[in-house]
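Reckoned from all heavy atoms, side chains included, excluding hydrogens, waters and symmetry mates.
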Amino acid sequence: MKRILLIEDERNLARFIELELRHESFAIVTAFDGDYGLELALREDWDVILLDLMLPGLNGMEVCRRIRAVKATPIMMLTARDSITDRVLGLDSGADDYLPKPFAIEELLARIRVVFRRQEKKIEEKRSILSFHELCVDLDTREVRKGDVTIELTKREFSLLVAFMENTNRVLARETLLDKVWGFEAAVDTNVVDVYVRYLRNKIDSPGETSYIQTQRGIGYVMRK
């Protein structure tokens with residue numbers, strides 16, 4: 001369930017927004033002043049923060065700046081101040097969106113959905129790219145780069161590299177790598193892992209530098225940061 005923090009001092013409006021968001025199956029918590037709103041924003045994790053500009057205590061701009069200094073939580077400003085200058089100040093202070101009052105609840109819900117879609121897209125993009133020092137692997141295009149240089153890998157070599165990069169700092173036994181790359185029922189000996197690690201090292205390592213893939217004698221291999 002998505003968690004939303006509403007920081008709004010107009011209690012009737014806050015109550016209305018609460019009811020509508022709960023009807024849409026969101027979990028919502030409300031703060032009625034800037035100081036308590038900032039405390040909740042920093043103390044807990046939220047999927048989006050709805051922030052009024054004019055608040056008792058800390059104003060919305062200051063609350064936004066302080067949140068943004070330490071967190072990337074999406075922030076949507078809700079305010080009666082609708083001048084271009086106010087919008088620019090709000091966005092420059094770190095807000096992701098700016099919705100002037102009065103607004104239709106349907107528009108608020110639509111904008112919240114847009115924020116969530118952006119977040120989901122960022123998560124998906126992050127998942128599709130693996131990086132380790134100068135190595136970068138795009139899981140969608142299956143492209144491997146070291147700095148500006150593209151490295152051509154076979155299907156097995158690519159799967160082996162992904163296994164290491166998805167498990168950095170974790171020692172992987174040869175049996176584990178055999179399962180991840182060749183499949184649990186593959187009729188191959190664990191020595192084939194050593195052969196393919198050598199192939200991979202020859203392609204991704206640079207002469208005279210420490211190998212990306214380190215050997216753990218008697219156990220297996222590890223990519224250690």
Task: Side chain to side chain, Leu135 and Leu161, heavy atoms closer than 4.5 Å - done: yes
Task: Straight-line distance of Arg66 CZ to Leu42 CG, nearest 0.5 Å - done: 9.5 Å
Task: Pair Lys180 + Glu166: basic N to acidic O under 4.0 Å - done: no
Open item on the list: Applying ring pair (Phe, Tyr, Trp, His ring centres under 6.0 Å), can you list everything that pairs with Phe32, at least two apart in sequence or on another chain?
Closed with: none
- [ ] Would you kindly confirm whether Leu40 and Ile4 end up in one hydrophobic cluster when ILVMFWY residues are joined by side chain heavy atoms under 4.5 Å apart?
- [x] no
- [ ] Hey, could you give me the CD/CG distance between Glu143 and Asp138, rounded to the nearest 0.5 Å?
- [x] 6.5 Å
- [ ] Taking the side chain as every heavy atom from C-beta outward, state whether Asp140 and Ile129 have any pair of such atoms under 4.5 Å apart.
- [x] no
Open item on the list: Hydrophobic clustering (ILVMFWY, side-chain heavy atoms < 4.5 Å, transitive) - are Met76 and Leu21 grouped together?
Closed with: yes
Open item on the list: Donor-acceptor pair, distance only, cut-off 3.5 Å: does the side chain of Arg68 make one with the backbone of Gly94?
Closed with: yes
Task: side-chain hydrogen bond (donor to acceptor under 3.5 Å, both in side chains) against Lys2, all qualifying residues, sequence neighbours excluded - done: none
TODO: With rounding to the nearest 0.5 Å, note down the distance linking CG in Leu172 to CZ in Arg174.
DONE: 11.5 Å
Open item on the list: When you measure from the side chain of Asp205 to the backbone of Tyr212, do you find a donor-acceptor pair of N or O atoms at a distance under 3.5 Å?
Closed with: yes
- [ ] Could you tell me the separation between the CD1 atom of Ile151 and the SG atom of Cys136, rounded to the nearest 0.5 Å?
- [x] 10.5 Å
Task: CG-CG distance between Asn169 and Asn167, expressed to the nearest 0.5 angstrom - done: 10.0 Å
- [ ] List the steps, then state whether side-chain contact (heavy atoms from CB on, under 4.5 Å) holds for Lys101 with Leu13.
- [x] CA-CA 10 Å; Lys101 299 176 183 176; Leu13 176 60; 3.7 Å; yes
TODO: Any pair with a residue in residues 133-180 that passes ring-ring contact (aromatic ring centres under 6.0 Å, His included), sequence neighbours left out, goes on the list, sorted by first then second residue, please.
DONE: none
- [ ] Can you see which heavy atom on Gln119 is nearest to which on Pro74, and at what distance?
- [x] CD-CG, 3.6 Å
- [ ] Compare all side-chain heavy atoms of Val137 with those of Phe132 and state whether any distance is below 4.5 angstrom.
- [x] no
Task: For Thr73, all residues meeting side-chain contact (heavy atoms from CB on, under 4.5 Å), sequence neighbours excluded - done: Trp46, Ile49, Lys71
- [ ] If you link ILVMFWY side chains whenever their heavy atoms are less than 4.5 Å apart, which other residues fall into the same cluster as Ile219? By chain and number, please.
- [x] Val171, Val222
Open item on the list: Can you confirm whether Arg201 sits close enough to Thr215 that some side-chain heavy atom of one is under 4.5 Å from a side-chain heavy atom of the other?
Closed with: yes
Open item on the list: Closer than 3.5 angstrom, by distance alone: can the side chain of Ser211 be matched with the main-chain N or O of Ile213 as a donor-acceptor pair?
Closed with: yes
- [ ] Using salt bridge (Lys or Arg N to Asp or Glu O under 4.0 Å) as the criterion, list what pairs up with Asp97, not counting sequence neighbours.
- [x] Arg111
TODO: Give a yes or no on whether Met54 and Phe16 share a hydrophobic cluster (residues Ile, Leu, Val, Met, Phe, Trp, Tyr; joining criterion: side-chain heavy atoms under 4.5 Å apart).
DONE: no
- [ ] May I ask you to decide whether Glu120 forms a salt bridge with Arg117, counting only side-chain N to carboxylate O separations under 4.0 Å?
- [x] no
Task: Over all atoms of both residues, closest heavy-atom pair of Gly60 and Leu51 - done: O-CD2, 3.3 Å
Task: 4.5 Å side-chain heavy-atom contact, Lys203 and Leu153 - done: yes
- [ ] Sequence neighbours left out, what passes side-chain contact (heavy atoms from CB on, under 4.5 Å) with Arg156? Give chain and number order.
- [x] Thr154, Val181, Trp182, Tyr196
- [ ] Start with the C-alpha gap between Arg170 and Thr176, add the side-chain angles, then the distance that decides, and say whether side-chain hydrogen bond (donor to acceptor under 3.5 Å, both in side chains) holds.
- [x] CA-CA 11 Å; Arg170 177 185 172 193; Thr176 300; 5.6 Å; no
TODO: Could you check Met61 against Met77 for side-chain contact (heavy atoms from CB on, under 4.5 Å), going step by step and ending with a plain yes or no?
DONE: CA-CA 9 Å; Met61 294 289 188; Met77 283 191 169; 4.0 Å; yes
Task: Partner residues of Glu39 under the salt bridge (Lys or Arg N to Asp or Glu O under 4.0 Å) criterion, sequence neighbours left out - done: Arg43
Open item on the list: Do Leu38 and Glu62 make a side-chain contact, defined as non-hydrogen atoms from C-beta onward lying under 4.5 Å apart?
Closed with: no
- [ ] List in chain and number order the residues that pass salt bridge (Lys or Arg N to Asp or Glu O under 4.0 Å) with Arg142, two or more places apart in sequence or in another chain; answer none if no residue qualifies.
- [x] none
TODO: Report yes if the side chains of Thr79 and Asp52 come closer than 4.5 Å at any heavy-atom pair, otherwise no.
DONE: yes
Open item on the list: Check this for me: does any side-chain nitrogen of one of Arg3 and Asp45 sit under 4.0 Å from a carboxylate oxygen of the other?
Closed with: no
TODO: Kindly state each residue pair satisfying salt bridge (charged side-chain N to carboxylate O under 4.0 Å, His left out) with at least one member in residues 21-37, sequence neighbours excluded.
DONE: Glu18-Arg22
Task: same_hphob_cluster(Leu50, Val29) at 4.5 Å side-chain heavy-atom cutoff - done: no
Open item on the list: Counting neighbours of CG on Asn12 that are heavy atoms of other residues, nucleotides or ligands and sit closer than 6.0 Å, is the number greater than 12?
Closed with: no
Open item on the list: Just to verify, what does Glu175 make a salt bridge (Lys or Arg N to Asp or Glu O under 4.0 Å) with, not counting sequence neighbours?
Closed with: none
Task: Any Leu6 side-chain heavy atom under 4.5 Å of Leu78 side chain - done: yes
Open item on the list: Measuring from atom CG of Leu178 to atom CG of Leu160, what distance do you get when rounded to the nearest 0.5 angstrom?
Closed with: 10.5 Å
Open item on the list: Check whether Asp96 reaches the backbone of Ile75 with its side chain - one donor and one acceptor, N or O, closer than 3.5 Å.
Closed with: yes
Task: Same apolar cluster: Leu5 and Leu53, side chain cutoff 4.5 Å - done: yes
TODO: Keeping to residues at least two apart or across chains, list the ring-ring contact (aromatic ring centres under 6.0 Å, His included) pairs with something in residues 102-122.
DONE: Phe26-Phe116
